[in-house]
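Remarks on the structure that follows.
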Amino acid sequence: MKKALFLDRDGIINVDHGYVYKKEAFEFVEDIFTVCLDAHNKGYEIFVITNQSGIARGKYTVEQFNQLTLWMVKQFKLKGIVITDVYYCPHHPDKGVGEYKMVCDCRKPEPGMILSAAKKYDIDLAKSVFIGDKGSDMQAAERAGIKSRILLVDQYSDNQAIKAHRINKIIEASVYIS
Ligand SMILES: O=P(O)(O)OC[C@@H](O)[C@H]1O[C@@H](OP(=O)(O)O)[C@@H](O)[C@@H](O)[C@@H]1O
Ligand SMILES: [Mg+2]
Ligand SMILES: [Zn+2]
């Protein structure tokens, strides 16, 4: 079995400007590359686990999400970091339109996306790490049996104290990644 670093996307990989679907609006949160390179070099598989209710809401299409994702994964590759796979939930139970309006087992805080990745790639969830910016990320990780869970907030705060706190959390994540 392998160890994995699971990443939420909006608020962790990129600044969460709200339903980001264009690369022009995709602002990488620089300090995430630090922990990803550390994890990659230590043999972790890296996955992105993301709710994309913007699809359900009709704000953008699956094709647009896929195009952005291909571009995002390439940016990681250019920094020597392999993203093994990206899992997304296109649904929303209330605000969804048409086929995307549904209660599903993939929208965080449900653990469905994490469990799918673990099954397909033979991941030991007890030895894996999840980094997210919302309580629903932490709940999904806990329900999936991931022991090391890091909650990072204020990804775009200019407050030096908050930035320092965030860097400490990133370093803490590196401690988990062993
Ligand atoms: O953080 P991840 O899971 O990668 O993606 C979150 C996004 O899909 C969007 O999720 C929405 O929540 P609702 O889905 O509308 O409750 C809002 O929080 C948006 O600001 C955010 O961009
Ligand atoms: Mg998020
Ligand atoms: Zn779903």
Side-chain angles (χ1 to χ4, degrees), residues 1-16 20 23 26-53 55 62 65-91 104-153 155 165-178:
M1 297 184 89
K2 289 168 274 184
K3 299 182 286 189
L5 170 62
F6 293 96
L7 300 174
D8 171 63
R9 196 196 81 178
D10 296 281
I12 294 301
I13 294 176
N14 58 294
V15 175
D16 188 357
V20 173
K23 63 182 178 186
F26 197 96
E27 183 185 352
F28 277 101
V29 178
E30 271 308 305
D31 49 15
I32 198 62
F33 289 117
T34 310
V35 70
C36 287
L37 202 52
D38 183 32
H40 177 74
N41 291 337
K42 289 176 182 170
Y44 279 70
E45 299 292 329
I46 301 177
F47 298 95
V48 177
I49 305 288
T50 180
N51 283 351
Q52 289 299 319
S53 73
I55 296 169
V62 170
F65 170 77
N66 288 338
Q67 286 303 316
L68 176 64
T69 300
L70 283 172
W71 173 83
M72 177 190 77
V73 168
K74 185 177 175 192
Q75 305 317 302
F76 274 99
K77 191 84 169 81
L78 291 171
K79 289 181 180 278
I81 300 164
V82 172
I83 301 293
T84 302
D85 208 339
V86 176
Y87 286 77
Y88 70 98
C89 166
H91 311 112
C104 63
D105 64 3
C106 42
R107 178 178 165 81
K108 295 174 286 184
E110 295 303 325
M113 293 188 276
I114 300 167
L115 298 174
S116 297
K119 184 175 180 187
K120 179 173 180 182
Y121 294 94
D122 190 29
I123 301 298
D124 183 346
L125 292 170
K127 291 183 179 169
S128 295
V129 181
F130 194 106
I131 304 179
D133 69 323
K134 287 184 185 172
S136 51
D137 295 326
M138 298 296 105
Q139 280 179 290
E142 185 175 16
R143 290 178 186 177
I146 296 176
K147 299 283 183 289
S148 304
R149 303 182 294 271
I150 311 274
L151 181 62
L152 285 181
V153 293
Q155 75 270 17
H165 170 72
R166 184 180 161 78
I167 294 295
N168 288 338
K169 294 289 275 184
I170 286 272
I171 292 165
E172 178 189 319
S174 293
V175 168
Y176 281 135
I177 294 161
S178 55

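What you see below is based on every heavy atom in this structure, not just the backbone, and it leaves out hydrogens, waters and symmetry mates.
For the pair Ser148 (side chain) and Val129 (backbone), a donor-acceptor distance under 3.5 Å is absent.
In this structure, Val29 and Val15 have side chains that are in contact, with non-hydrogen atoms separated by less than 4.5 Å. In this structure the side chain of Phe65 reaches within 4.5 angstrom of the side chain of Val86, judged on heavy atoms. Between Thr69 and Tyr88 the shortest side-chain heavy-atom distance does not fall below 4.5 Å. Under the 4.5 Å side-chain criterion, counting only non-hydrogen atoms from C-beta, Met138 is in contact with Arg149. A 4.5 Å side-chain heavy-atom check between Phe26 and Ile13 finds at least one atom pair inside the cut-off. Contact annotation: the side chain of Ile123 approaches that of Lys2 to within less than 4.5 Å [non-hydrogen atoms, C-beta and beyond]. Cys104 is not listed as a side-chain neighbour of Glu110, based on a closest heavy-atom distance of 4.5 Å or more. Between Lys120 and Phe47 there is no side-chain heavy-atom pair separated by less than 4.5 Å.
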Candidate pair Ile114 and Ser128, rule side chain to side chain contact (heavy atoms under 4.5 Å, CB included), full reasoning: CA-CA 11 Å; Ile114 300 167; Ser128 295; over 6 Å; no

Criterion side chain to side chain contact (heavy atoms under 4.5 Å, CB included) on Ile46 and His40, from CA distance to verdict: CA-CA 7 Å; Ile46 301 177; His40 177 74; 4.2 Å; yes

Side chain to side chain contact (heavy atoms under 4.5 Å, CB included) assessment of Leu125 paired with Leu115: CA-CA 9 Å; Leu125 292 170; Leu115 298 174; 3.9 Å; yes

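Scored by the ring pair (Phe, Tyr, Trp, His ring centres under 6.0 Å) test, Phe76 finds Phe28, Phe33 as partners (sequence neighbours excluded).
Between the CG atom of Leu5 and the NZ atom of Lys42 there is a distance of 11.0 Å, given to the nearest 0.5 Å. The distance from atom CD1 of Ile146 to atom CG of Asp124, rounded to the nearest 0.5 Å, is 10.5 Å. Once rounded to the nearest 0.5 Å, the distance linking CZ of Arg107 with CG of Asn51 reads 5.0 Å. Note that CG of Asp137 and CG of Asp8 are 4.0 Å apart. Values are rounded to the nearest 0.5 Å.
Screening Lys77, Lys23, Arg9 against Met72 for a side chain to side chain contact (heavy atoms under 4.5 Å, CB included) leaves a single residue, Arg9. With respect to Cys89, the side chain to side chain contact (heavy atoms under 4.5 Å, CB included) criterion is satisfied by exactly one of Lys108, Met113, Gln52: Met113.
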